[in-house]
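First the structure, in the form of structure tokens, and then the observations on it.
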Amino acid sequence: DWKPKYCVIGGIIAQPWMMNMYRSKSEYDIAVIETQARRPISVKVKQFSLQGARIQNDWQGPQMVKYKNKLHPWKYIVILPVS
């Protein structure tokens, strides 16, 4: 089952080549406040390096998945990390 994530590439608390994934924008905001206050981050963060990665573009654009209980389809891309 897919879960929505708030993804940030680079930004104020990561290197430009890093992608951080948060459960929501509000959790990202908490992480920013805690980082700037030099406190440990209290929210869950998944972090991936994008150095050398590429976007799988076999479909000429984002893909979509439709769930019965959602009004609009979710769009997604596939990022292939370096092997």
Side-chain angles (χ1 to χ4, degrees):
D1 198 26
W2 291 57
K3 296 177 185 173
K5 299 289 181 195
Y6 187 77
C7 299
V8 179
I9 298 173
I12 194 166
I13 61 173
Q15 299 295 330
W17 59 85
M18 297 301 289
M19 179 174 71
N20 287 359
M21 294 173 51
Y22 304 86
R23 287 182 266 198
S24 65
K25 182 174 184 319
S26 62
E27 288 200 3
Y28 168 70
D29 293 340
I30 290 168
V32 169
I33 290 166
E34 291 174 342
T35 300
Q36 291 189 332
R38 295 198 169 114
R39 295 192 316 248
I41 296 175
S42 64
V43 296
K44 184 177 179 181
V45 181
K46 290 185 180 179
Q47 189 174 64
F48 304 92
S49 173
L50 296 178
Q51 289 182 314
R54 62 187 178 86
I55 295 175
Q56 181 174 335
N57 197 20
D58 298 348
W59 313 289
Q60 304 301 315
Q63 293 297 290
M64 290 188 277
V65 62
K66 176 72 174 125
Y67 286 103
K68 293 178 189 174
N69 61 343
K70 299 292 179 186
L71 182 61
H72 300 288
W74 289 3
K75 295 180 183 178
Y76 67 93
I77 60 171
V78 177
I79 298 174
L80 301 171
V82 174
S83 312

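Just so it is clear, the values below take in all heavy atoms, side chains as well, and ignore hydrogens, waters and symmetry mates.
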- Item | Heavy-atom closest pair, residues S42 and I30 | OG-CG2, 4.0 Å

- Item | Value rounded to 0.5 Å, distance of CE in M18 from CD1 in I13 | 11.5 Å

- Taking all atoms of both residues into account, what is the closest heavy-atom pair of V43 and E34, and its distance? N-OE1, 4.4 Å

- Item | Heavy-atom closest contact (P16 atom, I9 atom, distance) | O-CG2, 3.7 Å

- Message: Taking CE in M21 as the centre, count heavy atoms belonging to other residues, nucleotides or ligands within less than 6.0 Å. Is the count above 12?
- Response: yes

- Output the distance between atom CZ (R54) and atom CD1 (I79), rounded to the nearest 0.5 Å. 12.0 Å

- Could you grab the distance from atom CD1 of I77 to atom SG of C7, nearest 0.5 Å is fine? 8.5 Å

- Message: Can you confirm whether R39 sits close enough to I33 that some side-chain heavy atom of one is under 4.5 Å from a side-chain heavy atom of the other?
- Response: yes

- With hydrophobic residues grouped by side-chain heavy-atom distances under 4.5 Å, do V8 and V32 end up in a single group? yes

- Note on the structure: Rounded to the nearest 0.5 Å, the CD atom of Q56 sits from the CG atom of L80 at a distance of 5.0 Å

- Note on the structure: Between K66 and H72, the two heavy atoms sitting closest are NZ-N, 4.1 Å

- Task: Tell me, yes or no, whether the heavy-atom count around I12 atom CD1, taken from other residues, nucleotides or ligands under 6.0 Å, exceeds 12.
- Result: no

- Task: Name all residues meeting the ring pair (Phe, Tyr, Trp, His ring centres under 6.0 Å) criterion together with W17; count only those two or more places apart in sequence or in a different chain, and write none if there are none.
- Result: none

- Near K44 NZ, under 6.0 Å, is it more than 12 heavy atoms from other residues, nucleotides or ligands? no

- Query: Looking at residues at least two apart in the chain, or sitting in another chain, which of them share a ring pair (Phe, Tyr, Trp, His ring centres under 6.0 Å) with Y22?
  - Reply: Y28

- Taking all non-hydrogen atoms of both residues, which atom of A53 and which atom of P81 are closest, and how far apart? CB-CA, 4.0 Å

- Looking only at heavy atoms, which two atoms of W74 and P4 are closest? And how far apart? CH2-CD, 3.4 Å

- Do other residues, nucleotides or ligands put more than 12 heavy atoms under 6.0 Å from K5 NZ? yes

- Taking the side chain as C-beta and beyond, is there a heavy-atom pair between V78 and W59 under 4.5 Å? yes

- Tell me, please, which residues at least two apart from F48 pass ring pair (Phe, Tyr, Trp, His ring centres under 6.0 Å). none

